[in-house]
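Written below as structure tokens is the structure these notes are about.
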Amino acid sequence: MSAFQAMVEWANKIYDESIKSPLTITLGDEFQGIVTTASKGIDIVLAMEEYAIEEGFNFKLRYVLYEGPVDTPINPEVAYEMLGPGLTNARKKLNAMKKDQTRFYVSMSGSSEINKMMRITQHFIDSWHPKDLSTVSGFLQGHDYKALAKLHQKDESTLWRRRKSLAIDEYQMCKDVLHHLLNGN
């Protein structure tokens, strides 16, 4: 629970300008918030996943990014006391996702392609073994295989092969395609 809380606090701090109502833990193991754009929402979701990798957390979250109206005033202090179809439908989808292995869902215009890319992105993230998380984190932070080899006291060719077998470049391509789909550029 403390790791989850730290992740939510970190996201609120890093993405403060992109959040209208801060990410707030609601039921102990769930959180909600309102973001400025779907693109920023995807950024936050993937950043939280990468933060969990960097910190070596051993839990997986489900995320619903749902575009929809909020009928009450948006609370800029905490994501409580707000109602509307957007929040209600997001909650319903989150509950429905508990029956399958999908961890990401986006509901907005063009979301079919976005959800396909999120499914591929999930495949990469979930395929990374806990023993590889520090290596994955190093690559995601922009370190090249030579620097990581030195850091982990391993052979450079071993880390070059690990970058390939961990599909780091393919994961980064998924993020690029997601941004293209969301931003049209």
Pairs where residues 81-112 contributes a residue and the test ring pair (Phe, Tyr, Trp, His ring centres under 6.0 Å) is met, not counting sequence neighbours: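 Every pair satisfying ring pair (Phe, Tyr, Trp, His ring centres under 6.0 Å) with a residue in residues 81-112: Tyr63-Phe104.
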Among all residues two or more places apart in sequence or in another chain, which pass the salt bridge (Lys or Arg N to Asp or Glu O under 4.0 Å) test with [X]?
{"X": "Lys93", "value": "none"}
{"X": "Lys164", "value": "Asp169"}
{"X": "Lys116", "value": "none"}

Side chain to side chain donor-acceptor pair (under 3.5 Å) contacts in which one or both residues fall within residues 66-87, not counting sequence neighbours: Tyr66-Asn89
Pair listing, side chain to side chain donor-acceptor pair (under 3.5 Å) test, anchored in residues 20-45, at least two apart: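 Applying side chain to side chain donor-acceptor pair (under 3.5 Å) to every pair that reaches into residues 20-45, excluding sequence neighbours, yields Glu30-Arg91, Glu30-Lys98, Ser39-Asn183, Asp43-His179.
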With a 4.5 Å heavy-atom cut-off, do [X] and [Y] have their side chains touching?
{"X": "Glu50", "Y": "Lys175", "result": "yes"}
{"X": "Trp10", "Y": "Gln5", "result": "no"}
{"X": "Asp155", "Y": "Leu159", "result": "no"}
{"X": "Ile19", "Y": "Ile34", "result": "no"}

Minimum heavy-atom distance Ala38-Met108, with the two atoms named: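 Looks like CB-SD, 3.3 Å.
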More than 12 heavy atoms from other groups under 6.0 Å of CH2 on Trp128: yes
Looking at [Y], is its backbone amide N or carbonyl O close enough to the side chain of [X] to form a donor-acceptor pair, meaning the two atoms are under 3.5 Å apart?
{"X": "Thr158", "Y": "Lys154", "value": "no"}
{"X": "Asn115", "Y": "Val106", "value": "yes"}
{"X": "Gln122", "Y": "Met117", "value": "no"}
{"X": "Ser137", "Y": "Leu133", "value": "no"}

Residue that, paired with Ile42, satisfies side-chain contact (heavy atoms from CB on, under 4.5 Å) out of Leu46, Ile44, Val45: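 Option passing the side-chain contact (heavy atoms from CB on, under 4.5 Å) with Ile42: Leu46.
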Derivation of the salt bridge (Lys or Arg N to Asp or Glu O under 4.0 Å) call for Arg103 and Glu49: CA-CA 11 Å; Arg103 295 197 308 111; Glu49 286 290 302; 2.7 Å; yes
Aromatic Phe139 / basic Arg163 pairing, under 6.0 angstrom, 45° off normal: yes
Nearest-0.5 Å distance that lies between atom CZ in Arg161 and atom CD in Glu156: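 Answer for the CZ-CD pair, Arg161 versus Glu156, is 12.0 Å.
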